[in-house]
Novice: 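Okay, here's the structure, questions in a sec.
First listed ligand is number 1; within each ligand, the first listed atom is number 1. Keep in mind it's a predicted model, so treat the numbers as computed, not measured.
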Amino acid sequence: MTSTRPGPAGTIPGGPALGRAAMRILNPGTTRSAAAGVLAAAAGSAAAELCAALLRPESSPLIGIGSTVIDATPTPAKEYAVRTFGAYDKPLLLIAMAAVLVLLAGGLGMVARRRPRSAQAAAAALGVLAAAAVVSRPAAAPLDAVPSLLAGAVAAVVLGLLTGPLGAPGPAAATVPADRRRFLLAAGAVAGSSLAVGGVAATIRVLTSGSAERAREAITLPPPVQPAGPRNTTPGFYTPVTDFYRVDTALTLPRVDVRQWRLRIHGMVDRPLTLDFEQLLARGLIERDITLNCVSNEVGGPYIGTTRWLGVPLAPLLRQAGVGPGADQVVARSADGMTLGTPVETVLDGRDAMLAVGMDGRPLPPEHGFPVRMLTPGVYGYAGSCKWITELELARFADFDPYWVRRGWARHAPVRTASRIDRPAPFAEVAAGTVAVAGVAWAQGRGIRAVELQVDDGPWQQVELLPGGGADTWVQWRYRWQAAPGGHRLRVRATDGTGRTQPERRATPFPDGATGWHTLAVTAT
Ligand SMILES: Nc1nc2c(c(=O)[nH]1)N[C@H]1C(S)=C(S)[C@@H](COP(=O)(O)O)O[C@H]1N2
Ligand SMILES: [Mo]
């Protein structure tokens, strides 16, 4: 019987060559070289992290390269990442980068066997490349290059040691135990000290963020000069601050020292001005319930939240600075170099655009923009709610495209009318009979006039709108549904204060917000 399956390696054409290649890969000297490369990278990264922890987190090569990757990622891929991984997109990016680094370092280690000098030069060059990435970040300082350069230097030296005097296999490496022991000892020493240095770096980070957190907690915001009315008491109206969605490009949270914080208002203004935190608070705080949402939110999605904000009205500040003729865009810049653009007329049209300093009575959490963020009701976050704000520049739309606009998102981004079913959950099994259906609807600025629910192909039913929402917040709604046994489709649609009902047509968030009716399937038994 002849087998149609390929025979053992030795009998297929080219087998001996393949076998030799496999031998080379499995050769202890090669494994050792790859390990040397990975250990060199670990030592370099640990040294860099320690240095960055002492300088500032943004100077870490991992963070610098990661942020560069984020900025360079095409919009559709970014959309996909936000949609698929949500808040896990950043940790996943860091893990992917670590994997690439391990592969690269292993490869360099193997190169080092034959061409040690070239491999060392390549390691140092990678450090320079990382430094270039870090220093070209919009909010970088020249000193930020140091950790990356250090990483390259440390990696080159360790690679030289591990593949040279401490690790070079003798003529018959695998069979010389002394040689092997020497390498293992050296490798163990490098691994151990890298872990130790990395641990120290992590501890310093935790300690510094702990002290920044205490400084934040020590702040008492003055009571608002314009308090909001009584709090809405319906459960679910306010989003707990700890659950408030977070969307930004910051791989490491910008840590802003409130004592050093300044806001500069400049550009096309008659009287440029600069404010520190105390001067800002001294202008008097307003308190408002406002719903903020992200343009990337899909129909039915979670990137929306409502809280009681505290902030300083922005319009009087701009008027004080004197908006120059022709200026039609307020460009906000943040401590991490983000730029967001808002139409001047939007800020000045009487809405409660503010420099927010508090959520729910407390200073802003670091991830939501501490110490000060902009907040513009009625426009998506990317076009009016710059976190960690440091600058407002009056400019012309024709002259400057902010970050997201350069990536294809719309210049003008008023929030689209939308509605969501929160209860029952998609694909839920409910008991036939009376079923509580509930959700939210929003059209910030215009308000919600009506919300309707459709069961299967039945008529659209008006649902009950709960009191306590305003034009700038979502409105909660509920409906008592008499569910017959079987599978059902529920759909919701809202009509805004101008009388316009949200369109049925499904559109993806890009470039100016999703459209379509939130629809889900449930089974009544
Ligand atoms: N500095 C900075 N501000 C930013 C962003 C950012 O990436 N960097 N993202 C914006 C976007 S897209 C949204 S939706 C809101 C989200 O604010 P939150 O994270 O406090 O919910 O912040 C906006 N402000
Ligand atoms: Mo967003």
Novice: Backbone or side chain, does any N or O of Trp388 fall under 3.5 Å from an N or O of ligand 1?
Specialist: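 Not met; the criterion fails.
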
Novice: To the nearest 0.5 Å, what is the distance between CG on Leu285 and CE on Met354?
Specialist: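 That separation rounds to 9.5 Å.
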
Novice: Is the ring pair Phe244/His368 parallel, tilted or perpendicular, if the boundaries are 30 and 60 degrees?
Specialist: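 It falls in the perpendicular class, over 60°.
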
Novice: Can you tell me how far apart OG (Ser296) and OH (Tyr245) are? Round to the nearest 0.5 Å.
Specialist: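 So the gap between those two atoms works out to 9.0 Å.
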
Novice: Can you tell which part of Leu340 has a heavy atom less than 4.0 Å from ligand 1: side chain, backbone, both or neither?
Specialist: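 Side chain only; the backbone of Leu340 stays clear of ligand 1.
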
Novice: Hey, is Arg308 close enough to Asp360 for a salt bridge, meaning N to O under 4.0 Å?
Specialist: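 Salt bridge: no.
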
Novice: Any idea which part of Val295 is under 4.0 Å from ligand 1, heavy-atom wise: side chain, backbone, both or neither?
Specialist: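 Near ligand 1, Val295 shows nothing, with every heavy atom at 4.0 Å or more.
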
Novice: If you count the atoms of ligand 1 from 1 in the order shown, which ones are under 4.0 Å from a heavy atom of Ser334?
Specialist: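 Under 4.0 Å from Ser334, ligand 1 has these atoms: 1 (N).
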
Novice: Taking a cutoff of less than 4.0 Å between a non-hydrogen atom of the residue and any ligand atom, is Ser385 in contact with ligand 1?
Specialist: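 Right, Ser385 reaches ligand 1.
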
Novice: Under 4.0 Å from a heavy atom of Cys294: give me the atoms of ligand 1 that qualify, with their elements.
Specialist: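 Numbered from 1, ligand 1 contributes 14 (S).
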
Novice: Starting from atom 8 (N) of ligand 1, which protein heavy atom do you reach first, and at what distance in Å?
Specialist: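 Looking at atom 8 (N) of ligand 1, the protein heavy atom closest to it is Met338 CG, 3.4 Å.
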
Novice: Under 4.0 Å between a Lys/Arg side-chain N and an Asp/Glu carboxylate O for Asp422 and Arg420?
Specialist: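 Salt bridge between Asp422 and Arg420, a charged N being under 4.0 Å from a carboxylate O: yes.
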
Novice: Considering only heavy atoms, which of Tyr245, Tyr380, Tyr303 lies nearest to atom 14 (S) of ligand 1?
Specialist: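 Result: the heavy atom closest to atom 14 (S) of ligand 1 is in Tyr245.
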
Novice: What about His368: any of its N or O atoms under 3.5 Å from an N or O on ligand 1?
Specialist: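 Yes, His368 has an N/O under 3.5 Å of an N/O on ligand 1.
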
Novice: What residue and heavy atom of the protein are closest to atom 6 (C) of ligand 1, and at what distance?
Specialist: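 Checking every protein heavy atom, the shortest distance to atom 6 (C) of ligand 1 gives Asp248 CB, 3.4 Å.
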
Novice: Give the numbers and elements of all ligand 1 atoms closer than 4.0 Å to a heavy atom of Leu292.
Specialist: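 Heavy-atom distances to Leu292 below 4.0 Å select 17 (O).
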
Novice: Under a 4.0 angstrom heavy-atom cut-off, which atoms of ligand 1 come close to Tyr382?
Specialist: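 Contacts of ligand 1 toward Tyr382, numbered from 1: 11 (C), 12 (S).
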
Novice: Within 45 degrees of the ring normal and closer than 6.0 Å to the centroid, is that where the cationic atom of Arg396 sits relative to Phe400?
Specialist: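 No, a cation-pi geometry is absent between Arg396 and Phe400.
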
Novice: Testing Val312, Leu392, Val372 one by one against Leu263 for a side-chain contact (heavy atoms from CB on, under 4.5 Å), which residue passes?
Specialist: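 Testing Leu263 for a side-chain contact (heavy atoms from CB on, under 4.5 Å) against Val312, Leu392, Val372 leaves exactly one candidate, Leu392.
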
Novice: Does either side chain, that of Gln502 or that of Ser419, offer a donor lying less than 3.5 Å from an acceptor on the other one?
Specialist: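 Present: a donor and an acceptor within the cut-off.
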
Novice: If you measure from the Lys or Arg side-chain nitrogens to the Asp or Glu carboxylate oxygens, is any gap between Lys78 and Asp71 under 4.0 Å?
Specialist: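 No.
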
Novice: Looking only at protein heavy atoms, identify the closest one to atom 9 (N) of ligand 1 and say how far it is in Å.
Specialist: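 Going atom by atom, the protein heavy atom closest to atom 9 (N) of ligand 1 ends up being Val247 O, 3.2 Å.
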
Novice: Looking at Trp388, I'd like to know if the NZ or CZ of Arg373 sits under 6.0 Å from its six-membered ring centre while staying within 45 degrees of the ring's axis.
Specialist: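 No.
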
Novice: Heavy-atom contact check, 4.0 Å cutoff: does Arg373 meet ligand 1?
Specialist: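 Per 4.0 Å heavy-atom rule, Arg373 contacts ligand 1.
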
Novice: For ligand 1, does Lys387 get within less than 4.0 Å through its side chain, its backbone, both, or neither, judged by non-hydrogen atoms?
Specialist: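 Contact part for Lys387 vs ligand 1: both backbone and side chain.
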
Novice: Relative to the heavy atoms of Phe244, which atoms of ligand 1 are at a distance of less than 4.0 Å?
Specialist: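 Taking each heavy atom of Phe244 in turn, ligand 1 has 21 (O) under 4.0 Å.
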
Novice: When you check the gap from the basic side-chain N to the acidic O, do Lys387 and Asp336 get nearer than 4.0 Å?
Specialist: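 No, no charged N to carboxylate O under 4.0 Å.
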
Novice: Could you list the atoms of ligand 1 found under 4.0 angstrom from a heavy atom of Asp336?
Specialist: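 In order of number, 1 (N).
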
